[in-house]
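Along the sequence shown, residues carry numbers from 1.
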Amino acid sequence: MRPAVARPSIPIAVLAALLLALGASLTAAAGGAGLDNGSRTSACSDVCGPIRHIIILVKENHSFDNIYGRFPGADGTRYAEVGKRRVRLNVTPDRLKEDLGHGQWASVRATNKGRMNQFFKVDRAIQNGKDMADSQFERKQIPNYWKYAKDFSLADHFFSTSQGGSFPNHLVTITGQTLHSVDEPVRHGKLRSWGCDAGKRTRVQLFKSGVSSYVFPCFNAETLADEADAAGVSWRYYAPSKGHFGYYWSSFDSIKHIRDSQQWATNVVPDSRFDKDVRSGSLPAISWLIPDLKVSDHPPESMCRGENWTVERINQLMRSPLWSSTVIVLTWDDFGGFYDHVAPPYVTTYEYGIRVPLLVISPFTKRGLIYHGRLDFSSIVKFVEDQYGLPHLANYDRSVDSIGSMVDPSQTPLNPVVLKPRSCPTSGAPPPPNY
């Protein structure tokens with residue numbers, strides 16, 4: 001028998017810290033590949049306070065004035081500059097006849113060097129004899145979106161990061177930057193994809209250091225998900241899968257090291273799974289939620305139907321135990337061709353784009369706050385990084401303000417506000433948007 005050997009005593013707290021550090025280093029070394037860390041609890045429970053879940057819900061194609069131009073106390077308007085005339089904004093119908101032009105060139109034309117007076121010149125602005133680009137919703141058409149703004153927090157100087165459309169702005173929500181992309185990729189092939197599995201001839205314009213180039217839309221930039229992997233923080237990206245129109249908006253399809261890894265199957269999941277994860281209480285620390293076309297608010301689809309979808313998702317969260325630890329960030333990805341009266345600040349040749357709404361819905365938001373500070377999509381990324389103490393792997397300008405000023409984790413938590421979905425106007429199904 002071997003003689004007993006005295007071993008140094010290691011305090012339990014020190015041992016736990018060593019094991020936690022080892023686990024984090026192993027996660028970082030593996031790059032998170034193949035880990036379904038959506039099923040794991042966030043590793044930042046000691047530093048994150050009461051916020052355990054952040055949901056970034058991105059809808060489509062509406063300017064601030066189009067949705068909240070009439071909202072009391074907000075920097076909105078009921079009037080538009082149309083050339084040299086000042087006119088009252090038309091009322092936006094629940095469905096448009098066609099999608100409005102809303103790409104980079106449409107934005108340049110509409111803003112007219114900051115004059116904000118040529119929205120009527122975007123493609124398909126005139127529909128059924130009326131100027132639909134210079135229009136806005138009334139409160140009675142979108143009462144639940146207004147209710148969220150009244151009971152939680154609304155930002156009225158939140159600008160789309162890029163003058164372009166969905167592709168660059170969705171990229172910012174996962175990377176903090178546009179990766180120099182200017183607008184939507186020009187698609188070649190039958191698959192509705194703007195990412196690494198797109199047709200070989202698909203190209204997206206980049207603008208970097210004053211030079212334009214056209215490249216395949218498959219990048220290897222570090223993302224917020226990579227930062228989460230390195231810190232052992234759980235994440236999932238809920239988005240329409242291949243074969244659905246909304247697959248265009250599944251941004252991790254354009255990030256090669258995630259698209260080609262096991263995380264494409266474990267962490268980038270169908271949007272339909274979101275409801276299941278809420279019901280089971282297995283929502284990760286960081287979620288992106290991207291709806292499919294018909295419920296995305298994207299013209300010419302029904303705004304009422306899109307609002308109902310949003311309300312149903314938020315109601316489900318509010319009825320669950322998750323509500324007490326959740327921040328929902330609700331925004332729209334670009335102006336959609338609709339009027340806005342505030343000229344975007346100049347940052348670079350293609351930034352910023354036109355204002356869009358942003359709501360923060362949470363027990364920790366400031367009730368009725370209208371936040372007037374300048375924000376953009378990278379402000380959301382910065383908030384998530386700050387909240388979870390993530391390493392700064394993504395390469396973007398962190399001098400931007402965070403949406404964190406709209407959240408106060410120390411306040412008495414707000415109660416849930418469960419809303420009733422509405423009966424929507426009946427009309428014929430519109431054609432798909434023009435891309």
Side-chain angles (χ1 to χ4, degrees), residues 55 57-72 74 76 78 89-100 102 124-125 127-128 130-152 154 166 238 240 244-246 249 271-272 274-275 289-319 328-340 356-359 361 416-434:
I55 302 164
L57 202 172
V58 185
K59 305 213 74 179
E60 295 291 316
N61 293 39
H62 291 277
S63 69
F64 185 88
D65 280 338
N66 180 247
I67 295 181
Y68 291 112
R70 301 184 182 202
F71 193 81
R78 296 186 179 202
L89 286 161
N90 289 314
V91 175
T92 310
D94 182 61
R95 295 180 187 261
L96 294 184
K97 182 180 179 182
E98 298 181 88
D99 187 21
L100 299 174
H102 56 274
R124 300 173 294 280
Q127 300 185 19
N128 296 322
K130 292 186 177 181
D131 179 3
M132 289 294 96
D134 293 297
S135 72
Q136 66 185 176
F137 288 102
E138 297 178 318
R139 176 180 180 176
K140 64 183 179 182
Q141 295 175 282
I142 47 172
N144 289 332
Y145 280 150
W146 271 51
K147 181 69 172 172
Y148 287 140
K150 180 176 180 293
D151 288 347
F152 298 99
L154 172 69
S166 295
Y238 300 88
H244 295 264
F245 189 97
W249 306 319
D271 53 306
S272 57
F274 181 81
D275 291 351
L289 178 57
I290 312 299
D292 207 354
L293 174 65
K294 290 186 179 298
V295 291
S296 69
D297 298 348
H298 195 310
E301 298 291 346
S302 166
M303 187 67 163
C304 174
R305 186 174 177 182
E307 183 192 54
N308 280 349
W309 180 91
T310 304
V311 167
E312 288 163 0
R313 305 287 83 69
I314 295 176
N315 278 351
Q316 186 173 220
L317 280 159
M318 288 182 170
R319 290 184 175 117
I328 303 165
V329 182
L330 171 61
T331 189
W332 285 257
D333 70 344
D334 67 61
F335 79 116
F338 291 107
Y339 181 78
D340 197 79
V356 295
L358 177 129
L359 296 164
I361 302 168
V417 179
V418 176
L419 302 178
K420 184 179 180 180
R422 299 184 295 118
S423 296
C424 295
T426 58
S427 63
N434 299 290

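The main-chain N or O of Gly246 is found under 3.5 Å from a side-chain atom of Asp292 such that the two form a donor-acceptor pair. Under a 3.5 Å cut-off, the side chain of Gln141 and the backbone N or O of Thr92 do form a donor-acceptor pair. The closest donor-acceptor contact from the side chain of Trp146 to the backbone of Ile67 lies under 3.5 Å. Checked by atom type and distance alone, the side chain of Asp94 pairs as donor or acceptor with a backbone atom of Cys304 at under 3.5 Å.
Between Glu60 and Ser166, the side chains place a donor N or O and an acceptor N or O closer than 3.5 Å (distance only, hydrogens not considered). A donor atom on one side chain and an acceptor atom on the other are not found under 3.5 Å apart for Asp334 and His102.
Here the closest heavy-atom approach between residue His62 and residue Pro357 is recorded as O-CD, 3.4 Å.
Each of Leu57, Ile55, Leu358, Leu289 was scored for a side chain to side chain contact (heavy atoms under 4.5 Å, CB included) with Val329, with one residue passing: Leu358.
Proximity of Leu419 to Tyr148: side-chain heavy atoms (C-beta onward) are separated by under 4.5 Å at one or more points. Counting heavy atoms from C-beta outward, Glu98 and Leu96 have side chains that stay 4.5 Å or more apart.
Residues satisfying the salt bridge (Lys or Arg N to Asp or Glu O under 4.0 Å) test with Arg78, not counting sequence neighbours, are none.
Aromatic ring centres of Trp332 and Tyr145: separated by under 6.0 Å.
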